[in-house]
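To keep things clear, I will list the structure first and then write my remarks on it.
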Amino acid sequence: MIKIFAAPLQGYTDAAWRHFHAEIYDGIDSYFTPFLRVEKGAMRSQDIKAINSSLNVNQNLIPQIIFRDINEFEILTDTLVQKGYKYVDLNLGCPFPPQVKHGRGAAVICNETLLRELSERIKKHKEIEFSIKMRLGVDSPDTWRGAIEILNETPLTHITIHPRIAQQQYSGDLYIEQFAELLKISSHYVIFNGDLTSNSEITKRLSQFPSLAGIMIGRGLLKRPSLALEFRNGEEWDENRRIQLLVKFHNKLFEHYKNNLCGDTQILSKIKPFWEYLEDEIGRKTAKAIRKATSLNKYLSAVSMVD
């Protein structure tokens, strides 16, 4: 059976979002955390809080780490093992310049020395399984060619591939020909990630690449939270059904933030991102009113327009 993974997105798919999405929609095999990283020689305290959250109990959660060297890799991996995790995803795909500039994310694909050392360390971690999420490179879609032999020799459960380069961020054409070649060469199960925003797009990629082990959906779930469940059940929901569950999802998330945060500003800063990708669902006028809301009363008035 095809696996469906929920991609990690910084600032959006936090523990609360994942918890209530899993509760309301289901359809996801595994959720991945936004990347965890080292700060002042240890995993950031906010990242430890995120992986320890009681909200994680209703999902198959896979922590993702980002690192620039073996020392950071070991600090993060050891911390996760101590917290009881048995599975770690390695971020070799983050395109954001501040991370790439410091050798993290997509930059690791360009660093064959680090990749070889990483491969050897993974082989020694018998107590935990690893997967990789990667781009094709930073400024060239052929960079992966220098990495694939090393990755093929590394014990991994799967590789998730977003067939863009870091310089593209999340726009521009996918390098489908390079992806097809990588898929053919890879000795691991491959997961497709990138521009999966509709049932038809998912079907297209699975038909185009029948050997895929699964898909990972990121912005597609933010734009249409029911997407994985719709695809899983082989149906296209009408607008009324989508909006009904969307409002229920929002209300649960809002209540959580209201009960755990203080003041309008703090609550609004957490709940407003929920709507950022939903303009097509709720309409431009409503989306604009939500964005402009400066108090909870104004915000709730704007949200009441969603129907």
Side-chain angles (χ1 to χ4, degrees), residues 3-40 42-67 75-91 125 127-131 133 157 160 216-219 221-222 225-229 232 245-278 296 299-300 303:
K3 295 290 186 181
I4 302 180
F5 296 148
L9 288 97
Q10 295 286 333
Y12 299 95
T13 61
D14 63 6
W17 187 95
R18 297 191 306 267
H19 177 85
F20 294 114
H21 185 273
E23 177 182 304
I24 293 169
Y25 292 99
D26 200 13
I28 298 294
D29 291 294
S30 297
Y31 291 83
F32 290 68
T33 69
F35 64 69
L36 315 171
R37 65 182 178 89
V38 169
E39 189 173 82
K40 297 180 180 179
M43 183 185 288
R44 292 188 304 173
S45 58
Q46 65 197 70
D47 291 341
I48 292 177
K49 182 179 179 180
I51 61 173
N52 283 340
S53 174
S54 60
L55 293 171
N56 296 329
V57 298
N58 69 335
Q59 64 207 251
N60 182 32
L61 182 65
I62 297 176
Q64 183 187 91
I65 64 174
I66 194 168
F67 51 90
I75 289 171
L76 295 165
T77 299
D78 288 347
T79 301
L80 289 169
V81 170
Q82 291 167 13
K83 299 298 181 182
Y85 283 91
K86 305 293 185 182
Y87 198 121
V88 176
D89 189 63
L90 310 182
N91 185 322
H125 277 283
E127 77 284 15
I128 196 164
E129 292 184 299
F130 293 90
S131 60
K133 187 174 188 293
T157 61
T160 299
M216 177 178 277
I217 312 174
R219 283 156 181 77
L221 277 182
L222 296 180
S226 58
L227 180 58
L229 185 57
R232 184 78 81 189
L245 278 194
L246 179 64
V247 170
K248 182 178 180 181
F249 183 17
H250 165 267
N251 290 347
K252 284 180 173 287
L253 194 58
F254 177 77
E255 284 301 312
H256 171 79
Y257 289 143
K258 189 175 74 169
N259 292 333
N260 289 277
L261 300 173
C262 298
D264 288 21
T265 300
Q266 200 174 78
I267 297 169
L268 288 174
S269 70
K270 289 293 289 184
I271 194 62
K272 277 189 176 184
F274 176 85
W275 301 103
E276 284 184 19
Y277 288 89
L278 286 164
L296 287 184
Y299 172 80
L300 291 173
V303 170

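Nothing fancy with the numbering, it's 1 onward along the sequence.
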What do the steps show when you test Tyr87 against Phe130 for side-chain contact (heavy atoms from CB on, under 4.5 Å), and what is the final call? CA-CA 6 Å; Tyr87 198 121; Phe130 293 90; over 6 Å; no
Apply salt bridge (charged side-chain N to carboxylate O under 4.0 Å, His left out) to Arg232 and Asp29, showing your working. CA-CA 11 Å; Arg232 184 78 81 189; Asp29 291 294; 2.6 Å; yes
Decide yes or no on side-chain contact (heavy atoms from CB on, under 4.5 Å) for Met216 and Lys133, but give the supporting numbers first. CA-CA 10 Å; Met216 177 178 277; Lys133 187 174 188 293; 3.2 Å; yes
So Tyr31 and Asn60, side-chain contact (heavy atoms from CB on, under 4.5 Å) or not? Walk me through it. CA-CA 6 Å; Tyr31 291 83; Asn60 182 32; over 6 Å; no
Go through Phe254 and Leu296 one step at a time and tell me if the side-chain contact (heavy atoms from CB on, under 4.5 Å) criterion holds. CA-CA 11 Å; Phe254 177 77; Leu296 287 184; 4.0 Å; yes
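Thr13 is not listed as a side-chain neighbour of His21, based on a closest heavy-atom distance of 4.5 Å or more. Looking at heavy atoms from C-beta onward, Leu253 lies out of side-chain contact with Asn251 at the 4.5 angstrom threshold. Under the 4.5 Å side-chain criterion, counting only non-hydrogen atoms from C-beta, Leu246 is in contact with Pro225. Residues Phe67 and Leu90 form a side-chain contact, since some pair of their non-hydrogen atoms from C-beta on lies under 4.5 Å apart. A heavy-atom distance below 4.5 Å is not found between the side chains of Asp78 and Lys83.
Side-chain contact of Trp275 with Tyr299: a donor-acceptor pair under 3.5 Å is present, judged by distance alone. Judged by distance alone, the side chains of Asn56 and His19 never bring a donor and an acceptor atom under 3.5 Å apart. Side-chain contact, Tyr85 with Thr79: no donor N or O sits under 3.5 Å from an acceptor N or O.
More than 12 heavy atoms of other residues, nucleotides or ligands lie within 6.0 Å of NZ in Lys272, so this atom counts as buried by the packing criterion.
Gly218 and Ala7 get closest at one heavy-atom pair: CA-CB, 3.6 Å. Across every non-hydrogen atom of Ala228 and Ile28, the tightest pair is CB-CD1, 3.5 Å. For the residue pair Leu268 and Pro273, the shortest heavy atom distance occurs at O-CD, 4.2 Å. Across every non-hydrogen atom of Met43 and Ile75, the tightest pair is N-CG2, 4.0 Å.
To the nearest 0.5 Å, atoms CG (Leu278) and CZ (Phe249) are separated by 9.0 Å. For the atom pair CD1 of Ile66 and CG of Asp89, the computed distance is 11.0 Å after rounding to the nearest 0.5 Å. In this structure, CD1 in Ile217 is found 4.5 Å from CG in Leu227, a value given to the nearest 0.5 Å. Rounding to the nearest 0.5 angstrom, the gap separating the CD1 atom in Ile62 from the CG atom in Leu80 is 12.0 Å. Atoms OG and CG, on Ser53 and Leu61 in that order, are 9.5 Å from each other to the nearest 0.5 Å. Summarising the geometry, atom CG belonging to Leu229 is positioned 11.5 Å from atom CD1 belonging to Ile24; distances are rounded to the nearest 0.5 Å.
Electrostatic pairing of Glu23 and Lys252 counts as a salt bridge here, judged by a charged N lying under 4.0 Å from a carboxylate O.
Screening residues 6-19 for salt bridge (charged side-chain N to carboxylate O under 4.0 Å, His left out), with sequence neighbours left out, gives Asp14-Lys270.
Take Tyr277 and apply the ring pair (Phe, Tyr, Trp, His ring centres under 6.0 Å) test, not counting sequence neighbours, and it matches Tyr12.
With ring centers used as reference points, His256 lies 6.0 Å or more from Phe274.
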Give the table of side-chain donor-acceptor pairs shorter than 3.5 Å for residues 32-40, with sequence neighbours excluded, one pair per line with atom names and distance.
from: Thr33; atom 1: OG1; to: Gln64; atom 2: N; distance (Å): 3.0

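In this structure, the side chain of Asn259 engages the main chain of Glu255 through a donor-acceptor pair within 3.5 Å.
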